[in-house]
J.: 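Here's a structure for you.
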There are 2 protein chains.
Amino acid sequence: MKVMRETIVSTARELFRSRGYAGASMNDLADAVGLKKSSLYVRFPNKEALVPAVLDLTLQETFGQRDPGSKQWDAEFVEVIELIATTLTDRGRCVGLHLAYGTSDETPIAKDAVRAFFQAHRDNLASILSRAMPADVARNIATDTLARLEGATAFVAIFGEKDAMKRAVRLSIEEAKNAAAAKPLSSR
Amino acid sequence: MKVMRETIVSTARELFRSRGYAGASMNDLADAVGLKKSSLYVRFPNKEALVPAVLDLTLQETFGQRDPGSKQWDAEFVEVIELIATTLTDRGRCVGLHLAYGTSDETPIAKDAVRAFFQAHRDNLASILSRAMPADVARNIATDTLARLEGATAFVAIFGEKDAMKRAVRLSIEEAKNAAAAKPLSSR
DNA sequence: GTCTATAGAAAGATAGAC
DNA sequence: GTCTATCTTTCTATAGAC
């Protein structure tokens, strides 16, 4: 029976997240979705092609359903980073980071996909923040917020601790609000 | 000719850092140090045994040469986190984090070594901070500092950007000094 | 689109000569 | 302690029947 493409992609994501690019095998993926290995090559030309698919799906789930500007900038910011933080806490690892560490010049397609993934995250966050502060400040806060969430995820992965993630969310929100108050947009 | 153990360990560290646990092979390591694969098994019983060796060496290099209490707490804190930040920026990835993501219940010895590695980092930082603030505050700031540095490393790995690391160092130092001022030790 | 079967390379690890 | 040689398993990927 036909297996849906999204099933393959989201299962590949689980494997990449937990075992990394090198550690996830096409055979494991095939078993997990109930196919034979060779059938996967009908859908994807090779293992590397799974990486953009996995990261695009994740981007879609994170930013795809949003309605930019429907809320106050701060409510929107809180909503997005809490969604990201919850996913990272629940899954215990970040697929994007595992793939970032696990890809290299030998896997250029995967490497590009990883860059696009994090660039999209930063751009989306900066876009929200830039409604209340200058673009350069927004970009830095977006970067630091993502860095904080990634770092806090390490403590979930290593110790199972969720406290660091809670503080990361709280401190990032505070930082954004402080910046909005200290450097409001002059052009309005 | 005999190859020094430290050569093997620090070369293994490079490989684990850049390729991860699964992606680094015993053959690559052998080639890199100028041995045949089978000779490695004389020194280490298996691939997993390299992990504690790699992390112990790194801990030794980071905290081993220090003289606790020889300086003011804040000077010491700055020194340590700048050493860590410089290493992470120069290498572009954190071995500890790559191994944390790349090990699992199937590699219990490696997993334990990773836990010990990060626990030692946190304990050492918290020990310095606790000279100026209560133990629980010190522990949280130590955790958040490490998380920030790990997260900033992601931006070095993905984009080659070093700015996030600079901000991570500066903000962590500020946070520590603020905490020392806001919640000084009462018992002295 | 899924399967069986297989190619060909590379992995971790061991045996035994020197 | 290092080597050659080998075992066994697993890997990515392809060929071809249904």
Side-chain angles (χ1 to χ4, degrees), chain A residues 1-54 98-99 101-114, chain B residues 1-54 98-99 101-114:
Chain A
M1 193 177 116
K2 173 154 178 163
V3 175
M4 282 189 304
R5 181 189 158 97
E6 193 183 320
T7 306
I8 298 174
V9 175
S10 74
T11 306
R13 176 169 58 186
E14 282 181 56
L15 287 173
F16 284 146
R17 180 159 40 217
S18 57
R19 306 190 183 192
Y21 183 78
S25 82
M26 295 297 271
N27 207 7
D28 291 341
L29 176 57
D31 285 349
V33 299
L35 284 178
K36 291 298 172 182
K37 188 170 40 168
S38 59
S39 304
L40 290 177
Y41 286 91
V42 175
R43 319 291 199 84
F44 297 91
N46 49 50
K47 181 177 166 183
E48 196 177 359
L50 286 164
V51 174
V54 159
H98 207 160
L99 288 170
Y101 264 60
T103 56
S104 68
D105 293 333
E106 290 163 19
T107 50
I109 294 173
K111 198 178 170 185
D112 280 358
V114 168
Chain B
M1 193 177 118
K2 171 153 179 163
V3 174
M4 280 189 304
R5 180 189 159 97
E6 193 182 320
T7 305
I8 299 174
V9 174
S10 73
T11 306
R13 175 168 60 184
E14 283 181 56
L15 287 173
F16 284 146
R17 181 158 40 216
S18 57
R19 307 188 183 194
Y21 183 77
S25 81
M26 295 298 272
N27 207 8
D28 290 342
L29 176 57
D31 285 349
V33 299
L35 285 177
K36 293 296 173 185
K37 186 167 49 164
S38 59
S39 304
L40 290 176
Y41 287 92
V42 176
R43 319 290 200 83
F44 297 91
N46 49 49
K47 182 178 167 183
E48 197 178 357
L50 286 164
V51 174
V54 158
H98 208 159
L99 289 169
Y101 264 62
T103 55
S104 67
D105 293 333
E106 288 162 20
T107 50
I109 294 172
K111 198 178 170 186
D112 279 0
V114 168

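For clarity, every value in this text was computed on a predicted model and none was experimentally measured. Below, chain A is the first sequence line, B the second, and so on; all start at residue 1.
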J.: Which whole-number value in Å describes the distance from B:Leu29 CG to C:dA11 P?
T.: 12 Å

J.: With a cut-off of less than 4.0 Å, is there a side-chain N or O of A:Ser25 near OP1 or OP2 of D:dT10?
T.: no

J.: Measure the distance from CG on A:Leu50 to C1' on D:dT12 and round it to the nearest whole Å.
T.: 12 Å

J.: So B:Ala24, base contact, sugar-phosphate only, or nothing? Heavy-atom distance under 4.0 Å.
T.: sugar-phosphate

J.: For B:Asn27, what residues pass the side-chain contact (heavy atoms from CB on, under 4.5 Å) criterion, not counting sequence neighbours?
T.: B:Ser25, B:Asp31, B:Lys37

J.: Round to the nearest Å and state the distance from B:Asn27 atom CG to D:dT6 atom C1'.
T.: 14 Å

J.: Between CG of A:Leu29 and CE of A:Met26, what distance do you get to the nearest 0.5 Å?
T.: 6.5 Å

J.: Quick one: is B:Tyr41 getting a side-chain N or O under 4.0 Å of the C:dT14 phosphate, OP1 or OP2?
T.: no

J.: Under the rule for side-chain hydrogen bond (donor to acceptor under 3.5 Å, both in side chains), what residues qualify as partners of B:Arg13, not counting sequence neighbours?
T.: B:Thr58, B:Glu61

J.: Using a cutoff of under 3.5 Å, can you pull out all pairs of nitrogen or oxygen atoms linking the protein to nucleotides 1-3 of chain C, with atom names and distances?
T.:
unit_1 : atom_1 : unit_2  : atom_2 : d
C:dG1  : OP1    : A:Lys2  : NZ     : 2.8
C:dT2  : OP1    : A:Met1  : O      : 3.4
C:dT2  : OP1    : A:Val3  : N      : 2.8
C:dT2  : OP1    : A:Arg43 : NH2    : 3.2
C:dT2  : OP2    : A:Arg43 : NE     : 3.1
C:dT2  : OP2    : A:Arg43 : NH2    : 2.9
C:dC3  : OP2    : A:Lys36 : N      : 2.6
C:dC3  : OP2    : A:Ser39 : OG     : 3.3
C:dC3  : N4     : A:Ser38 : OG     : 3.2

J.: For DNA chain C, which residues in residues 15-23 of chain A have a heavy atom at a distance below 4.0 Å?
T.: none

J.: Without decimals, in angstroms, what is the distance between B:Lys47 NZ and C:dA10 C1'?
T.: 12 Å

J.: Partners of A:Asp28 by salt bridge (Lys or Arg N to Asp or Glu O under 4.0 Å), sequence neighbours excluded?
T.: A:Arg19

J.: Which donor-acceptor pairs under 3.5 Å do side chains of residues 40-52 of chain B form with protein atoms, sequence neighbours excluded?
T.:
unit_1  : atom_1 : unit_2   : atom_2 : d
B:Arg43 : NH1    : B:Val3   : O      : 3.1
B:Arg43 : NH2    : B:Val3   : O      : 2.6
B:Asn46 : OD1    : B:Glu48  : N      : 3.3
B:Asn46 : OD1    : B:Ala49  : N      : 3.1
B:Lys47 : NZ     : B:Tyr21  : O      : 2.8
B:Lys47 : NZ     : B:Ala24  : O      : 2.9
B:Glu48 : OE2    : B:Ile109 : N      : 2.8
B:Glu48 : OE2    : B:Ala110 : N      : 3.1

J.: Give, for atom NE2 of B:His98 and atom CG of B:Leu15, the distance between the pair rounded to the nearest 0.5 Å.
T.: 11.5 Å

J.: For A:Lys111 and A:Ser104, work out which heavy atoms get closest and say how close.
T.: CD-O, 3.7 Å

